[in-house]
Protein chains: 2
Amino acid sequence: MAIKKTSLVEIAAERMKQNIIENNLRPGDKFLSEKELIQQLEVSRTVVREALRSLSSIGIVEVRKGGGVYVGHSSFDSIRNILEHHHAVHGVKLRELADIRKVIELGAVRLIIENDLQIDRSCFEEINRSYHEAILAGKDTKKYDQQFHQQLMKETGNDTFYKFAEVIQEYFSLVKIDLVQSRDSLIKSYEEHEDIIAALVQKDLVRGHRLIAEHLEPVFTFIRQVEEARGDGTDQ
Amino acid sequence: MAIKKTSLVEIAAERMKQNIIENNLRPGDKFLSEKELIQQLEVSRTVVREALRSLSSIGIVEVRKGGGVYVGHSSFDSIRNILEHHHAVHGVKLRELADIRKVIELGAVRLIIENDLQIDRSCFEEINRSYHEAILAGKDTKKYDQQFHQQLMKETGNDTFYKFAEVIQEYFSLVKIDLVQSRDSLIKSYEEHEDIIAALVQKDLVRGHRLIAEHLEPVFTFIRQVEEARGDGTDQ
DNA sequence: ATTATAAATTGGTCTGACAATATTATATCT
DNA sequence: AGATATAATATTGTCAGACCAATTTATAAT
C-alpha cells in the first residue's frame with residue numbers, strides 16, 4: 001500500500017475530475033460553482049479555489065470571474081504553455097527539432113498513402129497559390145508555408161496525430177530558424193510543394209518520401225552550418 | 001494594445017516563471033518561500049498560494065509542506081496527467097493510436113540508421129533475453145516488450161524525440177489493447193525483435209522498416225477485427 | 001562529535017469580510 | 001406585449017488573521 005499523504009486540495013481536484021467524467025460533461029458545459037463545490041466536497045473555500053486553480057491551469061476547467069466555472073475546451077493549449085516554459089528554461093537542440101519534424105512529415109505522407117486517403121487537392125493548391133503570390137509580392141511567406149505543412153498533417157484524417165503535430169509544430173516555432181531564403185529558393189520551395197501534392201495524388205510513397213526529404217534539406221544544411229560555427233547547436 | 005484584464009494570480013505566476021528563467025534556476029533548486037514571494041510581489045498570501053498551485057500543477061515548481069518551494073523537475077509528467085484526463089473524457093480511436101505508434105517507430109529506425117548511430121546492441125539483447133525468459137516462464141511479458149520499444153526511441157540519441165515518444169507511449173497504454181497472444185506469437189514477436197536489432201546493426205533501413213511494419217501488424221489486425229465488430233473503433 | 005530536544009520556519013486549511021464582475025429579476029417606457 | 005434600462009442577486013477575486021502540521025534549524029544534553 002502506498003502511504004500517500006494527499007492534501008485536501010489534491011483530493012478535491014481529483015473528485016472534480018471524476019465528476020466531469022462521470023457526468024459526461026462536455027467542454028463549455030457549466031460546472032458547479034464554488035459554493036456548490038464547498039457543500040458537495042465539505043471543504044473550505046480555500047481548498048476549493050486552489051483545486052479549481054490547479055485544474056484551470058491544465059485546461060480542465062475554465063473559471064470566469066462573476067460567471068461561474070465551466071468545463072475547459074482544450075487541454076492541448078496547456079501543453080503548449082508547458083512546452084513554452086520548458087523551452088525557455090532548457091532550450092532545445094535545433095537538430096533534434098528538425099529530425100522530429102522530418103519524422104512527422106514523412107509519417108504523414110505514409111499515413112495518407114498507405115491508408116489510401118483521397119486528399120483535398122484544391123485546398124492544397126489554394127494554399128500553395130497564396131504562397132506563390134506572397135513570394136512574388138515579396139510579402140511574408142512563412143505563414144503559407146506553415147499552412148501547407150499543417151494541411152499535410154490534417155489530411156492524415158488522424159485527429160490525434162494532427163493535434164500532437166500541431167503542438168510539436170508550435171514548439172518548433174519557438175525556435176527562430178531564420179533561413180534567409182532568396183527569392184529563387186522560395187520559388188523552388190513552392191515548386192516542391194506542387195510536386196508533393198502530385199505525389200500524394202498519385203499515391204507514390206517512395207517519391208513522396210524523397211520529395212519531403214529534399215524539401216526539408218535546406219533546414220539541415222542550415223543547422224550543419226550553425227553547428228560548425230558554434231559547436232553545440234542549441235538555440236539561444 | 002490588448003485590453004487584457006489579467007488577474008493578480010496570473011501576473012504573479014508569470015513573474016515567478018520569469019524569475020526562474022532570469023535567475024537560470026535548475027530543477028531541484030530552492031525557490032522563494034511564500035513569505036518571500038508575498039514581500040517581493042506585494043500581494044496577499046492567497047494570491048501567492050494560488051499562483052504557486054497553478055505552477056505546481058504544470059510541474060514548474062514543487063511545493064513541499066514545511067520544506068519550501070523548489071523548481072520542478074519534469075514538465076512532461078504534467079503532460080501525462082493532462083492527456084490522461086483528456087483520454088478519460090474524449091476517448092480515442094484505436095487506429096489513430098496505432099498509426100501514430102507506427103510513425104514514431106519507423107521514424108526512430110530511420111533516425112538511427114540515417115544519422116549513422118551505433119546502437120547499444122548488448123542493451124537491446126539483454127532486454128530481449130528477459131523478454132524471452134518471461135515468455136518461457138509464462139510470466140508477464142508486456143513490460144519487456146515495452147522496454148524494447150522504449151530503448152528503440154532512446155537509441156535515436158534525440159532526447160526531445162524520446163520524451164515525446166514516451167508521453168505518447170503512455171497515452172497508448174491508457175488504452176487496453178488486449179492482444180491475447182499465444183505462446184507461439186510471443187516467440188515470433190521475440191524473434192522479430194532479434195531481426196530488428198540485426199537490421200539496426202547492419203544499418204539496413206529498408207529491412208528495418210519492413211520488420212517494424214510486420215512486427216506491428218498484429219495490432220492492426222486486432223483493430224480491424226474490433227472495428228468490424230462494433231463499427232466505430234473507439235476504445236471504452 | 002553525536003544525539004535528543006526545543007524553537008523557528010514553512011506550507012495546509014479554515015473563517016470572515018469586502019470588491020469586482022456577470023447574471024438575473026424588476027420596473028419602465030413605447 | 002416587447003424592448004430597454006435599472007436594481008438585486010449570484011459568483012469569482014483579493015485580503016487579513018488565525019491555527020494546525022510538517023520540516024528545518026538551533027540548542028542542549030550526552
Side-chain angles (χ1 to χ4, degrees), chain A residues 1-17 19-20 23 25 27-73 77-78, chain B residues 2-17 19-20 23 25 27-73 77-78 81:
Chain A
M1 59 192 170
I3 333 165
K4 274 196 185 177
K5 306 178 210 169
T6 326
S7 71
L8 279 180
V9 174
E10 287 173 58
I11 295 172
E14 205 55 44
R15 287 190 55 184
M16 290 180 196
K17 283 203 285 187
N19 188 320
I20 291 176
N23 293 83
L25 298 180
D29 286 356
K30 191 156 178 59
F31 193 56
L32 303 166
S33 70
E34 287 185 0
K35 185 185 278 184
E36 292 167 322
L37 286 166
I38 290 169
Q39 292 167 344
Q40 176 179 317
L41 303 175
E42 294 178 294
V43 290
S44 71
R45 193 176 165 211
T46 310
V47 169
V48 167
R49 279 188 59 80
E50 287 195 21
L52 283 174
R53 182 67 69 180
S54 161
L55 293 183
S56 83
S57 84
I58 55 180
I60 290 180
V61 302
E62 282 172 22
V63 180
R64 302 175 201 162
K65 176 168 182 175
V69 183
Y70 295 79
V71 177
H73 281 89
D77 280 346
S78 339
Chain B
I3 335 163
K4 273 197 186 176
K5 306 177 207 171
T6 324
S7 71
L8 280 180
V9 174
E10 286 173 60
I11 296 172
E14 205 55 45
R15 287 190 54 183
M16 290 180 196
K17 283 203 284 188
N19 188 319
I20 292 175
N23 292 83
L25 298 181
D29 286 357
K30 192 158 178 58
F31 193 55
L32 302 166
S33 71
E34 286 185 2
K35 184 186 277 184
E36 291 167 323
L37 287 167
I38 291 170
Q39 292 168 346
Q40 177 179 317
L41 303 176
E42 294 178 296
V43 290
S44 70
R45 193 176 167 209
T46 310
V47 169
V48 167
R49 278 189 60 79
E50 288 195 21
L52 284 174
R53 182 67 70 179
S54 162
L55 294 182
S56 82
S57 84
I58 55 179
I60 290 180
V61 302
E62 282 172 22
V63 179
R64 301 175 201 161
K65 176 168 181 176
V69 183
Y70 295 79
V71 177
H73 281 89
D77 279 347
S78 342
N81 269 337

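Chain letters run A, B, ... following the sequence lines, proteins first and then strands; every chain starts at 1. Values below: all heavy atoms of this structure, side chains included; hydrogens, waters and symmetry mates excluded. What you see is a predicted model; the values in this text were computed from it and never measured.
Rounded to an integer number of Å, the gap from Arg64(A) CZ to dT11(D) C1' is 13 Å. What separates CZ of Phe31(A) from P of dT12(D) is a distance of 11 Å, to the nearest Å. Per the geometry, CD belonging to Glu62(B) stands 15 Å off P belonging to dT23(D), to the nearest Å. Atom-to-atom, CG of Leu37(A) to P of dC14(C) comes out at 14 Å; the value is rounded to the nearest Å. Protein atom OH of Tyr70(B) is 11 Å distant from nucleotide atom P of dT23(D), rounded to whole Å. Rounded to an integer number of Å, the gap from Ile38(A) CD1 to dT13(C) C1' is 13 Å. Rounded to an integer number of Å, the gap from Glu34(B) CD to dT13(C) P is 11 Å. In this structure, Leu32(B) atom CG and dT9(C) atom C1' are separated by 15 Å, rounded to whole Å.
For Ser33(A), the side-chain atoms get nearest to dT11(D) when compared with the rest of dT11(D), dG13(D), dG12(C).
Not counting sequence neighbours, the partners of Asp77(A) by the side-chain hydrogen bond (donor to acceptor under 3.5 Å, both in side chains) test are Ser74(A), Arg80(A). When the side-chain hydrogen bond (donor to acceptor under 3.5 Å, both in side chains) test is applied to Ser57(A), the partners found at least two apart in sequence or on another chain are Ser57(B). Scored by the side-chain contact (heavy atoms from CB on, under 4.5 Å) test, Ala51(B) finds Val9(B), Ala12(B), Ala13(B), Met16(B) as partners (sequence neighbours excluded).
With contacts defined as side-chain heavy-atom distances shorter than 4.5 Å, the pair Leu32(A)/Asn19(A) qualifies.
Closest heavy-atom contact between Arg53(A) and Ser7(B): NH1-OG, 4.4 Å.
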B/S/- along nucleotides 14-20 of chain D (protein heavy atoms under 4.0 Å) is BB--B--
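Residue pairs that meet the side-chain hydrogen bond (donor to acceptor under 3.5 Å, both in side chains) test with at least one member in residues 36-49 of chain B, sequence neighbours left out, are Glu50(A)-Arg49(B), Ser33(B)-Glu36(B), Glu34(B)-Arg45(B), Glu34(B)-Arg49(B).
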